Enquirer: 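Submitted below is the structure of interest, expressed as structure tokens.
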Amino acid sequence: MGTRTRVRITAALAVIGLAATACTGGGSASGGSTGAGGKGGSLPRHETLYTTGTQWGPPANYNPLRNWDHATGTKGLVYETLFHFDPDKGELTPWLAESGDWTGDTTYDVKLRAGITWADGEPLTAKDVAYSYGLGKIEASSFHSLWSWLADAKAVDDTTVRFTFKEARYQEWDYTLFGQPVVPEHIWGSRTEEDVLNGVNDKPVGTGAYTLKSKTQDRVVWERRDDWWGTKALSMTPAPRYIVDVSNPSNEVVIGQLGQGQLDLSNNFLPGASSLIKSKKVVSYYDEAPYMLSANTAWLVPNTTRKPMDDAAFRRALAASVDTEKIVKGVYGDLVKPASPTGLLPQWEQFDDQALIAEKGFTHDVAAAKKELAEAGYRDEDGDGFVENKDGKPLSLKLAVPSGWTDWMEAAKVVAAGAKDVGIKITTEFPDQNALNEQRAKGDFDLVVNNERQLSNTPWTYYEYIFQLPVQKQQNTVNFGRYENEDAWKLVQKLGGVRTDDTAGMKSVISQIQDIQLTEMPLIPLWYNGLWAQSTTGSWTNWPSDAAGAPKSAPALWRNWLEMGGFETLTQIKPAP
């Protein structure tokens, strides 16, 4: 671990000792009523869960269709999906749906549970589901590509929805079933397309266990519904009456809030997390390295519409310039692992074509990167240590990561330093997260780091993230680099149509995708992020861990993780004595 990182961590840990003076007001593990800085009104501490980690500024919206920037909990706590997915068992769990079955080669019927109501008392019906999926027909919708192979979604009766497909894509469909939120037609049906896709929706009405109680610039407060349908149908009740999700200005401040008992759960990387865990100030899934479950891959994303990122040779050279080991050890202190050249998570390593990786994979190799650049026509003509573009014009790129994300900020500096070693000039910049989201969606960037896709039911979700076509004016959740390869996209679509139990068939298609991926390098895999989850036990106990008898669900409220165990965690934690 580098000196700079040690100093950074030491300073961060010192915040704990200063928390009493550095943070104003606030509750503690044994009492108080406000928490996380002492703002937001009086809430009983023993009924309130304070969380943070995914909001780095004022909550942007409460629109579940804007799944890249809505307030934490919008989908999962308020709006729900037809199924949940259990990563441990690899199975879909019925949720709003009582069952779902392929009734023909291209038809799938969903049977809804009876008696589910929206928070305003209106019943959930099959028409709501058909309407919600039908919103994907809007060209600018983030799930518009679904309708390239889905032909129809209609209500057969009040509780039965029939989906008819142009072609069956089994892997993709399973992902959709636990990822796509259902919204009420009686409220959304009168909205314009613009309002549906981009409206703030600041009075959300869902079927979920929580409603929006209040919102301010730095937090959202959710309140439990005592009439939530799942209490009877699922025999589940989330333990906290209130969930307060707090925007965090920096990782260091969060450490102080955890140390003072103002936060119960942090779902973000914290510098010095291993020291906090060893000292018993916080708990995590494992009490030794790697401490966290694996969650996603961090990628370096080149904007392939800009020179020289439109050149595969340049992208390969850039990949070889990155010293990922410095990031793993110097920034994270071995809390993370270097990614495979394909970027597939360890849970999916059976699908990595090892022979292909041996032939076409990359490693950190300064000499190889310089050679690739020179052979592709990138040379240092003016002797300043940096190569120029092929046309002789200066080559200078900007790498952007969100302000306050201290681990990514440090990692970006490592990437820039590695690029300098091979003659590529990269400077780092740290804009506000919401501003960066907008720039990224519009393609207004050179390089970004992104980890948008989490662990899921299938590697298909990773390849859809990398290769989805057509490129839209707004790329909100996939293919941020705007890379266009029709052959790769056809293979991704083919993979989506392989049955989920056909492992050999999946491997065959994935190998062909990886051949293109390693040759073209549209994204550069960096490291595997942990499922960051640091919890305190002063107010809430029984957090998930690998200990015998402890819950094994995911302790996270990230996007899609509420549908992959995060909500179940809320039903299993217990108020501290």
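Because the structure is a prediction, the values reported are computed rather than measured.
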Enquirer: Do Ser553 and Thr569 get their side chains close enough for a donor-acceptor pair, meaning under 3.5 Å?
Expert: yes

Enquirer: Does the Lys NZ or Arg CZ of Arg453 fall within the cation-pi geometry relative to Tyr462 - under 6.0 Å from the ring centre and within 45° of the axis?
Expert: no

Enquirer: Can you find a heavy atom in the side chain of Phe83 that is under 4.5 Å from one in the side chain of Glu563?
Expert: no

Enquirer: Could you walk me through whether Leu82 and Trp95 pass the side chain to side chain contact (heavy atoms under 4.5 Å, CB included) check?
Expert: CA-CA 5 Å; Leu82 294 172; Trp95 204 254; over 6 Å; no

Enquirer: Looking just at side-chain N and O atoms, do Trp527 and Asn529 make a donor-acceptor pair shorter than 3.5 Å?
Expert: yes

Enquirer: Verify the neighbour count for atom CD of Gln439: are there more than 12 heavy atoms of other residues, nucleotides or ligands below 6.0 Å?
Expert: yes

Enquirer: Is there side-chain contact between Phe143 and Gln180, with heavy atoms separated by less than 4.5 Å?
Expert: yes

Enquirer: Is the backbone of Asn268 close enough, under 3.5 Å, to the side chain of Gln534 for a donor and an acceptor to pair up by distance?
Expert: yes

Enquirer: With a 6.0 Å cut-off on the ring centroids, do Trp228 and Phe567 count as close?
Expert: yes

Enquirer: Between the side chain of Asn63 and the main-chain N/O of Val196, is any donor-acceptor distance below 3.5 Å?
Expert: yes

Enquirer: Against the six-membered ring of Trp173, is Arg169 placed for a cation-pi contact (under 6.0 Å from the centre, within 45° of the normal)?
Expert: no

Enquirer: Among Asp101, Thr107, Thr106, Asp105, exactly one meets side chain to side chain donor-acceptor pair (under 3.5 Å) together with Thr103. Which residue is that?
Expert: Thr107

Enquirer: Quick one: do the Glu172 and Trp149 side chains pair a donor with an acceptor below 3.5 Å?
Expert: yes

Enquirer: Just checking Lys111: does its NZ atom have more than 12 heavy atoms from other residues, nucleotides or ligands closer to it than 6.0 angstrom?
Expert: yes

Enquirer: Using a 3.5 Å distance criterion without hydrogens, assess whether the side chain of Thr52 forms a donor-acceptor pair with backbone atoms of Val246.
Expert: yes

Enquirer: If you look at every heavy atom in Ser535 and Leu265, which pair is closest and at what distance?
Expert: OG-CD1, 3.4 Å

Enquirer: Can you see which heavy atom on Val161 is nearest to which on Ala126, and at what distance?
Expert: CG2-CB, 3.5 Å

Enquirer: May I ask you to check whether Phe269 and Trp532 place their ring centres under 6.0 Å from each other?
Expert: yes

Enquirer: If you look at every heavy atom in Leu447 and Leu318, which pair is closest and at what distance?
Expert: CD2-CD2, 4.0 Å

Enquirer: When you look at Asp245 and Thr54, which way does the side chain to side chain contact (heavy atoms under 4.5 Å, CB included) test go after all the steps?
Expert: CA-CA 9 Å; Asp245 190 69; Thr54 58; 4.3 Å; yes

Enquirer: Can you measure from CG (Leu455) to OG1 (Thr458) and round to the nearest 0.5 angstrom?
Expert: 10.5 Å

Enquirer: Answer yes or no: is there a side-chain heavy-atom contact under 4.5 Å between Tyr483 and Val471?
Expert: no

Enquirer: Cation over ring, Lys137 on Trp147, under 6.0 Å and within 45°?
Expert: yes

Enquirer: Is it the case that more than 12 heavy atoms not belonging to Lys337 sit under 6.0 Å from its NZ atom?
Expert: no

Enquirer: Would you name the heavy atoms of Ala319 and Met521 that are closest together and state the gap between them?
Expert: CB-CG, 4.2 Å

Enquirer: Should we count CG of Asp158 as having more than 12 external heavy atoms under 6.0 Å?
Expert: no

Enquirer: How about Tyr332 and Asp407: do any of their side-chain heavy atoms sit closer than 4.5 Å?
Expert: yes

Enquirer: Rounded to the nearest 0.5 Å, what's the gap from CD1 on Ile243 to CG on Asp264? Could you check?
Expert: 10.5 Å

Enquirer: Side-chain contact test, heavy atoms from C-beta onward, threshold under 4.5 Å: evaluate it for Thr342 versus Gln517 and give yes or no.
Expert: yes

Enquirer: Under 30°, 30 to 60°, or over 60°: which ring-plane class applies to Tyr465 and Phe480, parallel, tilted or perpendicular?
Expert: perpendicular

Enquirer: From Arg225 CZ over to Thr117 OG1, what is the distance, rounded to the nearest 0.5 angstrom?
Expert: 5.0 Å

Enquirer: Could you go through Val220 and Val244, starting from their C-alpha distance and side-chain angles, then the distance that decides it, and tell me whether this counts as side chain to side chain contact (heavy atoms under 4.5 Å, CB included)?
Expert: CA-CA 6 Å; Val220 176; Val244 181; over 6 Å; no

Enquirer: List the steps, then state whether ring pair (Phe, Tyr, Trp, His ring centres under 6.0 Å) holds for Tyr285 with Tyr291.
Expert: CA-CA 6 Å; Tyr285 197 86; Tyr291 301 104; over 10 Å; no

Enquirer: If you count heavy atoms of other groups shown closer than 6.0 angstrom to CD of Glu349, is the number above 12?
Expert: no

Enquirer: Has Lys552 got more than 12 heavy atoms of other residues, nucleotides or ligands less than 6.0 Å from its NZ?
Expert: yes

Enquirer: For Phe351 together with Trp460, are the ring centres under 6.0 Å from each other?
Expert: no

Enquirer: Do the non-hydrogen side-chain atoms of Leu523 and Phe467 ever get within less than 4.5 Å of each other?
Expert: no

Enquirer: Give the C-alpha distance, both sets of side-chain angles, the deciding distance and a yes or no for side chain to side chain contact (heavy atoms under 4.5 Å, CB included) between Glu520 and Arg315.
Expert: CA-CA 8 Å; Glu520 288 287 301; Arg315 297 193 297 265; 3.4 Å; yes

Enquirer: Does Gln514 reach the main-chain N or O of Asp353 with its side chain, forming a donor-acceptor pair under 3.5 Å?
Expert: yes

Enquirer: Sub-3.5 Å donor-acceptor pair from the side chain of Asn479 to the main-chain atoms of Arg482, do we have one?
Expert: yes

Enquirer: Check whether any side-chain heavy atom of Ser294 sits under 4.5 Å from a side-chain heavy atom of Gln347, and report yes or no.
Expert: yes

Enquirer: So does Arg499 have more than 12 non-hydrogen atoms from other groups sitting under 6.0 Å from CZ?
Expert: no

Enquirer: Between Glu438 and Arg66, does any side-chain N to carboxylate O distance fall below 4.0 Å?
Expert: yes

Enquirer: Rounded to the nearest 0.5 Å, how far apart are OG of Ser132 and CG of Leu65?
Expert: 8.0 Å

Enquirer: For the residue pair Tyr79 and Thr74, confirm or rule out a side-chain donor-acceptor distance under 3.5 Å.
Expert: no

Enquirer: Ignoring hydrogens and geometry, is there a side-chain-to-backbone donor-acceptor pair from Asn451 to Ala295 under 3.5 Å?
Expert: no

Enquirer: Between Thr160 and Asp157 (side chain of the first, backbone of the second, donor and acceptor by atom type, cut-off under 3.5 Å), is there such a pair?
Expert: no

Enquirer: Could you tell me the separation between the CD atom of Glu359 and the CG atom of Leu518, rounded to the nearest 0.5 Å?
Expert: 9.5 Å

Enquirer: Counting distance only, does the side-chain N/O of Asn201 pair as donor-acceptor with the main-chain N or O of Tyr62 below 3.5 Å?
Expert: yes

Enquirer: If we count only N and O atoms by modelled type, under 3.5 Å, do the side chains of Gln454 and Trp561 hold a donor and an acceptor together?
Expert: yes

Enquirer: To the nearest 0.5 Å, what is the distance between CD1 on Ile524 and OG1 on Thr297?
Expert: 14.0 Å

Enquirer: Within the 4.5 Å heavy-atom criterion, are Val449 and Trp299 side-chain neighbours or not?
Expert: no

Enquirer: Can you tell me which residue among Asp120, Thr125, Asp128 is in a side chain to side chain donor-acceptor pair (under 3.5 Å) with His186?
Expert: Asp120

Enquirer: Is it the case that more than 12 heavy atoms not belonging to Lys232 sit under 6.0 Å from its NZ atom?
Expert: no

Enquirer: Apply side-chain hydrogen bond (donor to acceptor under 3.5 Å, both in side chains) to residues His144 and Gln472 and explain how you reach the verdict.
Expert: CA-CA 10 Å; His144 180 62; Gln472 307 288 341; 5.4 Å; no

